Number of protein chains: 2
Amino acid sequence: MSNVQSLERALTLLNIMSDYPDGIQISRLAEKAGLSKSTIHRLLGTLLNMKYVTQDPKTEKYRLGYQVLYLSRNITANNGLISAARPFLEALCEDINETIHLCVEDNAEVVYIDKIESSQTIRMYSRIGSRNPMYCTGVGKILLSGMDEDEFKQATASIDFVKRTAKTIDSLEELKKEIDLVKQQNYALDNIENEEGIRCIAAPIRDFSGRIVASFSVSGPVHRITMERIHDELIRKMRETSKNISRQLGCQI
Amino acid sequence: MSNVQSLERALTLLNIMSDYPDGIQISRLAEKAGLSKSTIHRLLGTLLNMKYVTQDPKTEKYRLGYQVLYLSRNITANNGLISAARPFLEALCEDINETIHLCVEDNAEVVYIDKIESSQTIRMYSRIGSRNPMYCTGVGKILLSGMDEDEFKQATASIDFVKRTAKTIDSLEELKKEIDLVKQQNYALDNIENEEGIRCIAAPIRDFSGRIVASFSVSGPVHRITMERIHDELIRKMRETSKNISRQLGCQI
DNA sequence: AAACAATGTTCCACGATACGGAACAAAATA
DNA sequence: TATTTTGTTCCGTATCGTGGAACATTGTTT
């Protein structure tokens with residue numbers, strides 16, 4: 001049940017390195033990872049040979065290698081989705097000028113698989129590939145609302161409800177109620193439930209069979225994403241975009 | 001000097017999995033990798049825990065996980081090359097208003113590491129991190145032209161020449177001739193050799209030692225990228241930009 | 001339905017292999 | 001020049017990864 005030690009360590013090194021796009025030296029890596037230099041050195045040797053890491057020819061620091069890009073090129077299970085959705089999300093972004101995220105579910109979490117940035121100076125911090133719980137995000141609620149009973153049970157079985165803000169949902173009963181609401185209105189809010197000062201509205205993306213396969217969201221600071229704006233403008237535009245992308249995927253609704 | 005066994009094996013599994021975007025089961029992996037099922041199972045366990053791999057909830061097949069996306073996000077972000085080249089490429093794009101790509105070689109393929117989009121409505125489809133063969137692209141020819149004999153041999157040893165269009169180069173002899181030409185003129189064309197209706201011109205980027213470390217290209221539909229325009233305008237402007245970026249990297253030429 | 005095949009998972013004893021301290025080399029800093 | 005920091009190599013040890021075997025589960029064939 002425990003991890004393969006050397007592998008876990010090496011992957012941790014990759015994770016760390018991804019935070020240092022300009023490279024990082026062995027000693028720092030040793031500190032960060034809490035490992036001896038010789039261990040790091042050995043693991044880096046293999047990572048270098050396998051092209052998962054490169055050594056900057058000038059600074060001699062270690063950086064992630066292009067093999068990682070090579071891998072990511074074929075996470076195409078959702079690549080079709082991403083390229084289908086992008087033009088619509090870009091149009092929406094241009095229209096409302098707020099950050100937009102595209103998400104899918106993975107292991108009962110929300111994963112951000114694409115992102116369109118607004119030109120606003122105050123931007124969301126987020127990162128493609130990063131994760132969030134489902135119970136406190138609009139995109140998560142949407143994905144939950146598309147699940148059948150079994151899937152829902154599994155996805156919510158081991159939730160550790162943490163009150164991230166005053167408004168965070170913190171019980172299963174409450175969550176179930178909320179999801180019922182989401183099913184009715186066909187959009188979901190994260191009304192300052194995940195991060196202080198951030199409000200967010202999300203809508204579903206359905207495939208040919210009508211199943212919800214992804215969700216997208218508009219998020220931003222509460223003073224820009226007001227409840228008025230949501231009702232006057234955003235709900236309508238989200239529905240529009242939701243319908244357009246879903247149609248692109250063959251959804252007949 | 002030898003690799004950490006378990007790590008090398010696990011990375012090989014990732015490489016294999018990247019060829020199966022819809023997932024692959026343990027037994028197939030065992031075949032492909034020449035390892036026992038139990039070993040694969042154990043390694044996959046750690047890869048799953050670290051989110052480098054996911055298991056498709058329906059088919060139970062294993063696919064690359066989103067952690068790989070997370071990693072790849074920042075590879076391109078601050079590559080010194082990219083940030084050095086970007087302002088020049090942006091200026092060039094603004095000037096000629098066509099899509100521009102920045103590429104490096106990796107594993108005998110061209111990898112697109114940056115892209116500047118024109119405001120034209122008819123755009124190239126491409127994606128950062130995607131790959132193309134070297135023999136049928138302008139950027140590839142440039143990178144080949146910068147290789148010494150050994151490197152060239154290795155990069156061209158296992159080319160599978162596919163006639164993507166009527167004009168695609170489809171033999172090693174022809175390719176060698178073409179590369180000799182490229183060396184002389186210091187730019188390369190993809191004259192509708194990769195994709196129907198698309199023409200492209202590429203130029204090298206050299207580092208402090210004069211070595212070609214990257215290439216960039218202007219591509220677009222043949223009716224905009226005409227041979228006249230190439231000779232009257234583009235060759236000159238590409239040379240200019242090539243020189244400027246290379247100087248930025250310390251190249252003295 | 002029964003027999004069979006293929007696949008995924010768990011267990012375990014063995015020994016190969018990954019481990020980290022130490023010692024060394026090289027470079028940066030004082 | 002002395003001193004600290006960083007990268008690399010070496011090696012004895014015990015830990016950790018290994019693959020076979022046995023079991024469980026599912027799908028296929030007769």
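All figures in this text were calculated on a predicted structure; none of them were measured in a lab. The sequence lines fix the lettering, A, B, ..., with proteins before strands; numbering per chain opens at 1.
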Contact residues, residues 23-33 of chain B to DNA chain D [heavy atom, < 4.0 Å]: none
With B:E90 via side-chain hydrogen bond (donor to acceptor under 3.5 Å, both in side chains) - residues at least two apart: B:R86
Protein-nucleotide distance (B:L48, atom CG; C:dT9, atom C1'), rounded to Å: 13 Å
Under the side-chain hydrogen bond (donor to acceptor under 3.5 Å, both in side chains) test, residues paired with B:Q248 that sit two or more places apart: none
Contacts of type side chain to side chain contact (heavy atoms under 4.5 Å, CB included), residue B:T156, not counting sequence neighbours: B:L144, B:F152, B:I159, B:L172, B:L175
Under 3.5 Å donor-acceptor pairs involving side-chain atoms of residues 26-33 of chain A, not counting sequence neighbours:
{"unit_1": "A:K32", "atom_1": "NZ", "unit_2": "A:Y20", "atom_2": "OH", "d": "3.2"}

Heavy-atom protein contacts under 4.0 Å, nucleotides 18-23 of chain C, coded B base, S sugar-phosphate only, - none: SBBB--
A:S215 side chain vs A:V139 backbone, donor-acceptor pair below 3.5 Å: yes
Non-neighbouring partners of A:Y135 that pass side-chain hydrogen bond (donor to acceptor under 3.5 Å, both in side chains), sequence neighbours left out: none
Those residues that, when tested against B:Q55, pass side chain to side chain contact (heavy atoms under 4.5 Å, CB included) (two or more places apart): B:L48, B:E60, B:Y62
Interatomic distance where CG belongs to A:L44 and C1' belongs to D:dG7 [whole Å]: 11 Å
Partner residues of A:E193 under the salt bridge (charged side-chain N to carboxylate O under 4.0 Å, His left out) criterion, sequence neighbours left out: A:K141
Angle of first-five versus last-five pair axes in the helix from C:dA1-D:dT30 to C:dA30-D:dT1, to 10 degrees: 40°
A:H41 side-chain N/O to D:dG7 phosphate OP1/OP2 under 4.0 Å: no
Partner set under side-chain hydrogen bond (donor to acceptor under 3.5 Å, both in side chains) for A:D170, not counting sequence neighbours: none
Listed partners of A:E109 passing salt bridge (charged side-chain N to carboxylate O under 4.0 Å, His left out), at least two apart: A:R131, B:K51
